[in-house]
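Quick notes on the structure that follows.
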Amino acid sequence: MSSVVLKQVEKAYGPVLAVRGIDLVIPDGKFVVLVGPSGCGKTTTLRMIAGLESVTSGSIFIGDKDVTNLEPKDRDISMVFQNYALYPHLSVAENIAFPLLARGANRTDIQPRIDEVAAALSISQLLNRKPKELSGGQQQRVAIGRAIARSPRVFLFDEPLSNLDAKLRVEMRTELLRLQRELSTTAIYVTHDQEEAMTLSDIMVVMRDGLIRQMGKPDDIYENPVDTFVAEFVGSPKMNMITGKLEGNRFASPTGVVTNIQSSNHHNVIIGIRPEDVLISGDVANGMAGRIEIIELLGPRAIVTVKCSNQRITAVVEMAHLLGLTEGLEVGVNLREGRVHIFSVEDGIRITS
Ligand code: ATP
């Protein structure tokens with residue numbers, strides 16, 4: 001177990017600045033997820049921590065040891081890759097044993113550890129099979145088993161679930177969380193999937209263009225995104241954004257007018273509202289007038305898309321409140337009191353009123 005600290009870490013590939021000088025402190029035992037759109041530098045950051053990429057400048061510490069120039073094998077980390085990277089000619093048991101044997105352990109001594117890891121991942125019955133005789137989900141369990149067989153100071157995960165189907169992803173996500181809680185080992189996990197980031201992380205790090213845009217507890221980021229980028233990236237369906245003029249508690253835009261905004265701002269602003277905070281009623285005169293375009297049923301709730309003048313507004317509506325709402329219906333759209341986010345039109349930064 002160890003903390004991981006990045007100090008002004010930068011990575012340039014020729015003229016491309018993949019990571020632009022980031023500072024990051026990952027406390028001992030925490031599950032940290034680096035998340036962001038494709039090309040934001042998250043994999044490069046992880047690979048620099050692993051020692052698979054050199055840093056252009058800056059330094060990396062694991063515990064109090066400066067590992068910036070150490071080989072991966074000397075950093076005491078275990079990494080799980082997207083493509084599993086199992087040894088095809090070795091059995092499951094041999095794959096799990098490999099990192100221990102490579103460090104000089106004796107085959108008989110480690111058998112109990114292999115059995116323990118296999119049991120924890122429900123793959124005990126597969127120990128004699130070769131990787132090609134396993135499903136994708138089983139292969140991923142073996143890859144995780146290989147990473148946890150040793151007790152490294154840090155686990156690194158590079159999109160480990162992205163080759164699995166949707167159902168298996170959710171199952172493995174829960175298992176990873178359970179394992180990490182049990183092992184309490186510092187873990188750094190890269191994904192482009194914000195839902196995976198929200199559910200797995202103790203600390204979520206949202207990256208964009210080689211920089212950290214926001215870092216914190218997932219629910220804090222969800223509640224208080226620092227800018228429109230983070231606001232729209234985190235949450236699904238994504239936050240609605242409406243540009244208009246705020247005067248006291250009245251917000252007027254080409255989309256319509258609402259009058260219950262709590263703000264002392266008098267500006268041209270962008271207001272953001274999460275779909276679950278959009279209120280739809282049959283009263284057209286109440287709020288922004290629109291017409292329901294599509295209702296997508298999701299079991300306990302539905303996604304309702306309303307076309308208001310020039311813009312589509314997405315709402316998440318609980319089943320109990322869906323009664324009477326039908327596609328084509330003229331409705332009034334309101335924004336739940338106290339739930340509106342306000343951003344600058346100029347640079348998208350959050351404005352606190
Ligand atoms: P993805 O989710 O698509 O993997 P990412 O956020 O992990 O994206 P990185 O793989 O870290 O992004 O890449 C960051 C930037 O660095 C991108 O612009 C990418 O094209 C560039 N890059 C990455 N590896 C190299 C390389 N070996 N040579 C040149 N440019 C690279």
Side-chain angles (χ1 to χ4, degrees), residues 4-26 31-60 62 67-69 71-72 75 77-85 136 139-140 143-144 147 154-166 168-170 172-173 176 186-201 203-216 218 221 225-236 238 348:
V4 176
V5 177
L6 274 64
K7 292 184 181 169
Q8 278 301 300
V9 170
E10 197 174 280
K11 178 69 185 182
Y13 294 106
V16 179
L17 254 188
V19 177
R20 299 166 181 262
I22 62 174
D23 289 307
L24 184 58
V25 176
I26 297 172
F31 201 122
V32 172
V33 180
L34 309 181
V35 65
S38 184
C40 69
K42 51 196 187 295
T43 300
T44 305
T45 303
L46 192 77
R47 290 175 62 83
M48 287 192 287
I49 297 169
L52 299 171
E53 293 285 353
S54 61
V55 305
T56 304
S57 61
S59 46
I60 300 174
I62 297 182
V67 300
T68 316
N69 298 310
E71 292 293 318
R75 296 190 182 201
I77 47 123
S78 280
M79 188 150 170
V80 179
F81 297 92
Q82 179 178 351
N83 63 4
Y84 320 136
Q139 289 186 34
Q140 191 51 283
I144 293 167
V154 183
F155 289 131
L156 303 178
F157 297 97
D158 187 6
E159 306 239 12
L161 307 184
S162 54
N163 287 352
L164 305 179
D165 67 45
L168 209 50
R169 272 180 90 127
V170 174
M172 284 302 290
R173 198 168 76 191
L176 268 182
T186 312
I188 309 175
Y189 186 108
V190 159
T191 180
H192 61 272
D193 179 340
Q194 62 84 30
E195 188 181 302
E196 212 164 276
M198 289 288 289
T199 48
L200 280 175
S201 56
I203 302 170
M204 184 159 93
V205 179
V206 185
M207 295 184 67
R208 182 191 194 186
D209 295 339
L211 287 170
I212 294 174
R213 289 302 305 149
Q214 191 168 5
M215 179 160 71
I221 294 182
V226 291
D227 61 16
T228 50
F229 168 76
V230 176
E232 289 187 280
F233 187 76
V234 174
S236 177
K238 69 179 185 178

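Just follow the structure's listing: the first ligand is 1, and inside any ligand the first atom is 1. Here the structure is a predicted model, which is why all the values come from computation and not from measurement.
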Run the numbers for me: atoms of ligand 1, each under 4.0 Å from some heavy atom of [X], listed by number.
{"X": "Ser38", "value": "1 (P), 2 (O), 3 (O), 8 (O)"}
{"X": "Cys40", "value": "5 (P), 6 (O), 12 (O)"}
{"X": "Pro37", "value": "6 (O)"}

Are Arg169 and Asp193 within salt-bridge range, i.e. N to O under 4.0 Å?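 A salt bridge links Arg169 with Asp193.
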
Check ion pair Asp209-Arg20 (N to O, under 4.0 angstrom):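 Salt bridge: no.
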
I'd like to know if the side chain of [X] reaches the main chain of [Y], judged simply by a donor and an acceptor atom lying under 3.5 Å from each other, with no hydrogens or angles considered.
{"X": "Lys42", "Y": "Met207", "answer": "no"}
{"X": "Ser78", "Y": "Ala147", "answer": "yes"}
{"X": "Arg75", "Y": "Ile49", "answer": "yes"}
{"X": "Glu10", "Y": "Val19", "answer": "no"}

Any His192 heavy atom less than 4.0 Å to ligand 1: no

So, 4.0 Å and heavy atoms of Gly14: is ligand 1 close enough to count as a contact? no

Nearest non-hydrogen contact with [atom] belongs to which option: [options]?
{"atom": "atom 7 (O) of ligand 1", "options": "Val35, Thr43, Asp193", "value": "Thr43"}
{"atom": "atom 15 (C) of ligand 1", "options": "Pro15, Gly36, Ala18", "value": "Ala18"}
{"atom": "atom 13 (O) of ligand 1", "options": "Asp158, Val190, Thr44, Leu46", "value": "Thr44"}

Can you tell me the protein heavy atom closest to [atom] and the distance?
{"atom": "atom 14 (C) of ligand 1", "answer": "Gly39 O, 3.5 Å"}
{"atom": "atom 31 (C) of ligand 1", "answer": "Tyr13 CD1, 3.2 Å"}
{"atom": "atom 2 (O) of ligand 1", "answer": "Lys42 NZ, 2.7 Å"}

Using distance alone, determine whether Thr45 and ligand 1 share an N or O pair under 3.5 Å. no

Is any N or O atom of Val16, backbone or side chain, closer than 3.5 Å to an N or O atom of ligand 1? no

Heavy-atom distance from atom 20 (O) of ligand 1 to the protein below 4.0 Å? no

May I ask you to check whether Gln8 and Asp23 show a side-chain donor-acceptor distance below 3.5 Å? yes

If you measure only the distance, is there a donor-acceptor pair under 3.5 Å linking the side chains of Tyr189 and Glu159? no

Look at the aromatic rings of Phe229 and Phe233 and report parallel, tilted or perpendicular, splitting at 30° and 60°. parallel

